[in-house]
Structure formats: C-alpha cells, structure tokens
Amino acid sequence: MRYWLMKSEPADVSIDDLASFPDQSVAWYGVRNYQARNFMRDQMAIGDGVLFYHSNCKIPGIAGIARVSTTAYPDAKQYDQTSKYFDEKATPEQPRWFNVDVQLVKKIPLISLSELRLHPELERMRTLQQGNRLSITPLDPLEWNYITTVLVRD
DNA sequence: GCCAACGTTGGC
DNA sequence: GCCAACGTTGGC
C-alpha cells in the first residue's frame with residue numbers, strides 16, 4: 001500500500017468533475033513524463049491512497065482524497081491523432097504511455113499550497129520543494145497520515 | 001504574463 | 001555522451 005499526490009488542472013479535470021463521472025473515477029491520461037509514468041506502471045496498486053491536487057489554477061492545493069482503482073494500462077490518448085497527447089512513436093504493440101484509473105473517496109475543503117507550507121511535518125514533501133514539477137509524487141506514509149487526519153476537517 | 005526550474009532534443 | 005537550445009510546468 002503506497003500513497004501518492006497526483007496533480008490535475010481543474011480546467012481539465014477538477015474534483016467536481018471527478019465526482020460527476022461514472023463510478024466517480026477517471027483514467028489518468030496525459031502523463032508524458034517517464035518518471036511519473038513509471039510510478040503508475042511499476043509501483044501503483046489497487047487501493048493505493050491518492051491526494052487529488054489542483055494545479056495551475058487560482059488556489060492550488062489538495063482538493064480531495066482518492067484511490068487507485070485499476071492497475072496501469074496503455075493510455076488511449078497516445079493513439080488519438082486529434083489529441084494533444086498523441087504520440088506518433090507509440091503503437092498498440094509497443095505502447096509508450098500508461099495510466100491507472102483514479103476513483104474519488106471524498107471531496108475535502110481545499111487545503112491550499114500556502115497552508116501546506118505552514119506545517120513543518122510536511123517540509124520534505126516533494127510537491128513543496130522548489131522547482132518540483134513532477135505531476136505524480138510518492139508520499140511518505142507519515143505525510144499521508146498527517147494530511148488526512150490532522151489537516152482534513154469535516 | 002513572468003520566469004525559475006528542469007526535462008527533452010538533437011548536433012557534434 | 002556532452003551540452004546548448006528549446007519547450008513545459010506551474011507558482012506567483
């Protein structure tokens with residue numbers, strides 16, 4: 001059982017979008033970074049904990065708790081010529097990009113990035129490190145526990 | 001819209 | 001295999 005922080009741009013898929021989808025789940029398509037891909041392909045398992053993070057928006061931060069609901073499978077968008085995620089070097093025989101499905105557990109009152117930065121317990125979190133751009137990062141179980149038990153209020 | 005950080009590309 | 005140029009991310 002592992003824990004992850006996964007960034008989504010709410011203009012693309014927000015926590016409310018996720019809540020409205022069938023099974024409240026979504027294919028985590030569009031990851032085009034090898035390190036993030038490898039996390040999904042090689043390390044994620046069904047049931048892993050996910051912090052659903054809103055990035056590139058007015059108030060970035062953690063918007064919900066979710067879970068990994070499938071193992072990794074080829075990202076369909078890599079074959080879609082009309083998609084910005086199309087990859088001409090990918091074939092069904094040799095897919096290059098993978099994704100898991102992520103399912104909502106619960107929406108939470110937003111924990112903003114600026115609030116996260118106030119907690120010394122979280123200072124080692126990768127998402128808080130300067131210059132970090134990875135859209136998927138592993139979370140230390142202590143960080144997961146701190147966020148989901150101390151910071152989530154409702 | 002700025003720009004720092006950093007990943008990728010491609011010439012050599 | 002180096003590394004400069006370029007593109008992207010994402011907070012501010």
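Just so we're on the same page: letters track the sequence lines, and every chain starts at 1.
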Closer to the 5' end of DNA chain B via nearest nucleotide, is it A/Lys89 or A/Asn33?
-> A/Asn33
Decide whether [X] and [Y] meet the rule of one side-chain donor and one side-chain acceptor closer than 3.5 Å.
X	Y	answer
A/Ser20	A/Asp17	no
A/Tyr3	A/Asp48	no
A/Asp12	A/Tyr29	yes

Once you round it to whole Å, what is the distance between [atom2] of [N] and [atom1] of [X]?
X	N	atom1	atom2	value
A/Lys84	C/dT9	NZ	P	7 Å
A/Ile136	B/dG7	CD1	C1'	16 Å
A/Asp87	B/dT8	CG	C1'	13 Å
A/Gln130	B/dA4	CD	P	10 Å

Show me the protein contacts with nucleotides 10-12 of chain C, counting only N or O atoms at under 3.5 Å.
{"unit_1": "C/dG10", "atom_1": "OP1", "unit_2": "A/Lys7", "atom_2": "NZ", "d": "2.8"}
{"unit_1": "C/dG10", "atom_1": "OP1", "unit_2": "A/Arg133", "atom_2": "O", "d": "2.7"}
{"unit_1": "C/dG11", "atom_1": "OP1", "unit_2": "A/Tyr53", "atom_2": "OH", "d": "3.1"}
{"unit_1": "C/dG11", "atom_1": "OP2", "unit_2": "A/Asn56", "atom_2": "N", "d": "3.0"}

Electrostatic pair A/Arg32-A/Asp75, nearest N-O below 4.0 angstrom = yes
Flag if over 12 foreign heavy atoms under 6.0 Å of CZ, A/Arg124 | no
Only residue of A/Trp144, A/Phe39, A/Tyr53 satisfying ring pair (Phe, Tyr, Trp, His ring centres under 6.0 Å) with A/Trp4 is A/Phe39
For B/dG7, does either OP1 or OP2 sit under 4.0 Å from a side-chain N or O belonging to A/Gln35?
-> no
